[in-house]
Protein chains: 2
Amino acid sequence: MELSERKKKVLRCVVELYISTAEPVGSKAVAQMPDMKYSSATIRNEMAEQTTMGYLEQPHTSAGRVPSAAGYRLYVDELMAEYRLSNDEASSINTAIEEKMQRVDKMLEKVARLVSQATQLPAISATSRQGGATVKRYDLILAGENSVILVVMLSTEQVVNKLIKLPLNITDTDLKLLSAVLNAAMTGLHAEEFTAELLQKVMTSAGNAGVLVPVILDFVTETLRHQAGTDMAIAGQSRLLGLPEYRDVDKAQKVLSSMDEEALSNLPAVMQGENGTKVLVGPENVAQELRDTSVVMTKFDIGDGMHGVIGVVGPTRMDYAKVTARLSYFAESLSKLFNKPENSQLPESTENQ
Amino acid sequence: MELSERKKKVLRCVVELYISTAEPVGSKAVAQMPDMKYSSATIRNEMAEQTTMGYLEQPHTSAGRVPSAAGYRLYVDELMAEYRLSNDEASSINTAIEEKMQRVDKMLEKVARLVSQATQLPAISATSRQGGATVKRYDLILAGENSVILVVMLSTEQVVNKLIKLPLNITDTDLKLLSAVLNAAMTGLHAEEFTAELLQKVMTSAGNAGVLVPVILDFVTETLRHQAGTDMAIAGQSRLLGLPEYRDVDKAQKVLSSMDEEALSNLPAVMQGENGTKVLVGPENVAQELRDTSVVMTKFDIGDGMHGVIGVVGPTRMDYAKVTARLSYFAESLSKLFNKPENSQLPESTENQ
DNA sequence: TGTTAGCACTCCTTACCTTTGAGTGCTAAG
DNA sequence: CTTAGCACTCAAAGGTAAGGAGTGCTAACA
């Protein structure tokens, strides 16, 4: 069933007025909108009808209307005007990403912080991967008398290292052998393939430096397992408190602590398969605590089957157009960044001086 | 000037009652405390006197008394009974630390989370170092056709790495030369000593692989600066909202956002030199936003001139005895953990891409 | 038939007033 | 020096009234 043009227009006005004022919207206010050609009485009828249809709600008889979850849904799906980022916004996002992404190990944290800044809402960023990573190569560097640096390159092009202290002296030749053995026997394997038998086999053939094998294996499996899991960061939680709907401390606390906990760590799972930007309006959230909170999230590509998710949490009354636009742009820029490694840091900025 | 025994006893009662009830304390309530041998009238006089002395405050004429900052100070310094952790508490902290500290790069985050759990307050954990780190050695590993792994070992024995993609082919010999040049010219330097002239000099003498120098230099300075600076994590912010003093959303927001921002990143600086556990009561905090919030923090040792700080943020009315006891125990346990090197569970490792 | 002006009605919000009671300071007696 | 007694203070709680934004409905109008 399609709604009439007028219905759509009115609903859209109500949603947008409510988004910007956070107060129930009266027929008069709608009538006063620039290109609204109807009187408040007509709009009153319209709104009454839409209330029975379930798109609007009335807090009490003599109050204005507030969009229902269904109303928001319709708005997001059909009525929302595409928000086009200004060049300023776009380039400020780009330069922010560019500046902050120096250290990848803090990546998630920084992304979350940036997204939160851009949207003025609490933000979450997370990574997850479909399959498991494997090891691509091992290198061993003798560093001083009795320590060796293990450098491991993963199939994801990520490089991790570990400093290992040696109880006894091991020569460079020993390390060369060990390294050769490792690269021959222990590459291309998933976390669960590092078995005790493999350990035995590698240890015996690694000769003198074989004592290092258990430590190395421990480290590698731990790393791979960690890779497979989900890592996440949260930023800007305090922004929630600035919003009128969270003047109610209990409400705010529920939302914030469900962010703190794992309640939202299924965020990447929700995005499984999906592409583009996903909006969960209020009750569409599974978690009970988020019943009157909306979540907007989007995926970005890290390459090699790995992807990340960024999302924000806010009141159902949030500026979906702006938020989705900014989030998508972020995701796009991040994807570019990660998939263009030669270009050391810069995602192609649309139109930057 | 020493206070009389009776004065101390009364003050202590007031503080402890207020800590547990969050309501202004009346003379009657104090008189009813188990070992209080005076009538409410006597205590009334006592409290009136302590009010003029500045240890107590009266929200309004007909209300009970609330400890002032000076009152808390006195309590913390002299009156507070040492809280002894039960075996249960101690061992649960220990097992928590042991279980969670698998990966060092997430260490801060996990410590913060644990501390927050143990104290039921928002917690911060941070690391900082006294001097600045320097680079001890560079290694370059050719990894595939057109990428090279830079491995940098710092004076702190920390190892960091970065994968660099090459636009043109560079031979192993080129890298050997570059590596030699780097190790000769760019070790032992602090972040601020990496000047433009140095860059020029190294670039010219590095021959073919000289193009890599700017990237390397960028990475290294950023890393050193990062080392010198403070790294920190926050957890459990939402717990603040459960406390009656932060029912006022504006107040809560001020505190939370000053945690989010750098306002508290001077936390390690505050601990500079100091040892043991430090309590900052309300206005003793420099930051304006924290005027009616207390901070308790303590240092722990990571070894190699590096130390960490853990702290919690809460209302001036907080259970100082419990909180300081738990915090100290945490710090102690962490110090032990970090200074037991054969316990190989804690590699100093850094991930990079 | 769709649109609009008018109007009575609803009911939340705000302000103001009163009551209540916990807690005080002071005084006088023990 | 301590304590009982008492008048006083003032925030908190509750109740009432005025104000006003917004509605639904009806009737007139294009």
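In the text below, chain A, chain B and the rest are named by the order of the sequence lines, each starting its count at 1.
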Pairwise N/O distances under 3.5 Å, protein to nucleotides 10-13 of chain C:
from   : atom 1 : to    : atom 2 : distance (Å)
C/dT10 : O3'    : A/T61 : OG1    : 3.4
C/dT10 : O2     : A/S62 : OG     : 3.2
C/dC11 : OP1    : A/T61 : OG1    : 2.7
C/dC11 : O5'    : A/T61 : OG1    : 3.4
C/dC11 : O4'    : A/S62 : OG     : 3.2
C/dC11 : O2     : A/S62 : OG     : 3.4

Would you mind reading off the distance between B/I43 atom CD1 and D/dA4 atom P, rounded to a whole angstrom? 12 Å

Using a distance-only test with no angle check, is there a side-chain donor-acceptor pair under 3.5 angstrom linking A/S40 and A/S27? no

Rounded to whole angstroms, how far apart are CD on B/E23 and P on C/dG23? 9 Å

Quiz question: by atom type and distance under 3.5 Å, do the side chains of A/Y246 and A/T293 form a donor-acceptor pair? yes

How many whole angstroms separate atom CD of B/Q58 from atom P of D/dC10? 10 Å

d(CG, B/L17; P, C/dG23) in whole Å: 11 Å

A/K254 atom NZ: more than 12 heavy-atom contacts under 6.0 Å: no

Phosphate-side-chain proximity, B/R65 and C/dT24, N/O vs OP1/OP2 below 4.0 Å: yes

Would you give a per-nucleotide map of nucleotides 1-6 of chain C, 5' to 3', where B means the base has a protein non-hydrogen atom under 4.0 Å away, S means only the sugar-phosphate does, and - means neither? --SBBB

Checking A/T298 against A/S328: is there a side-chain donor and acceptor pair closer than 3.5 Å? no

B/R326/B/E89 salt bridge by N-O under 4.0 Å criterion: yes

Tell me the closest heavy-atom pair linking B/L243 and B/P315, and the distance in Å. CD1-CD, 3.5 Å

Minimal non-hydrogen separation, A/I124 against A/M259, with atom names: CG1-CE, 3.9 Å

Given atom CD of B/E57 and atom C1' of C/dT24, what is their separation to the nearest angstrom? 17 Å

Integer-rounded Å distance: D/dT3 P and B/M47 CE: 16 Å

Starting at CD of B/E49 and ending at P of C/dT24, how long is that distance when rounded to a whole Å? 15 Å

Inspect the contact between A/K9 and A/E5 and indicate whether a charged nitrogen and a carboxylate oxygen are less than 4.0 angstrom apart. no

SB check A/D250 B/R247 (cutoff 4.0 Å): yes

